[in-house]
Amino acid sequence: MVLKAWSGQYLHQRHIILLRLRLVPSRCVKQEFNSSAKQALVASNRRLGFVLLSIVLVFFIGIVIKRSWLG
């Protein structure tokens, strides 16, 4: 019974199913990347990154000024 389950036809069908499963997520990712919602998310993430970077720079400049004036 085990030998029949692992016959060539079974392995071929399993291989085809695995290939189909591998192709399905890649199509979804391509569609998701091209969607306007994904582009809006990327834009908002970039904006958030710039805001956080500006906060870090302000604190760094504040520390440098504090050390230079107050010693």
Side-chain angles (χ1 to χ4, degrees):
M1 193 72 173
V2 174
L3 294 176
K4 186 176 181 182
W6 291 100
S7 65
Q9 184 179 5
Y10 171 78
L11 290 175
H12 180 70
Q13 289 174 350
R14 184 171 181 260
H15 181 69
I16 290 174
I17 290 171
L18 289 176
L19 285 175
R20 287 181 185 166
L21 288 175
R22 186 182 296 171
L23 291 176
V24 170
S26 65
R27 289 181 192 155
C28 294
V29 169
K30 288 179 185 176
Q31 290 174 353
E32 181 182 341
F33 182 72
N34 293 331
S35 70
S36 61
K38 180 68 173 175
Q39 291 174 351
L41 181 64
V42 168
S44 67
N45 284 344
R46 186 178 299 125
R47 193 176 319 120
L48 176 64
F50 286 138
V51 168
L52 293 175
L53 178 66
S54 65
I55 291 171
V56 168
L57 287 175
V58 166
F59 278 118
F60 179 73
I61 292 171
I63 291 173
V64 169
I65 292 174
K66 177 183 171 186
R67 286 190 180 195
S68 65
W69 283 358
L70 300 176

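Below, all heavy atoms of this structure are taken into account, side chains as well, without hydrogens, waters or symmetry copies.
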The side-chain contact (heavy atoms from CB on, under 4.5 Å) partners of Ser44 (sequence neighbours excluded) come to Leu41, Arg47

Applying side-chain contact (heavy atoms from CB on, under 4.5 Å) to Arg67 and not counting sequence neighbours gives Ile63

Residues joined to Phe60 in its hydrophobic cluster, side chain to side chain under 4.5 Å directly or through other members, sorted by chain and number, are Val64

Cluster link Phe59 to Val51, ILVMFWY, side chain under 4.5 Å:
yes

State yes or no: do Leu48 and Val56 share one hydrophobic cluster built from I, L, V, M, F, W and Y residues joined by side-chain heavy-atom distances below 4.5 Å, directly or via other members? no

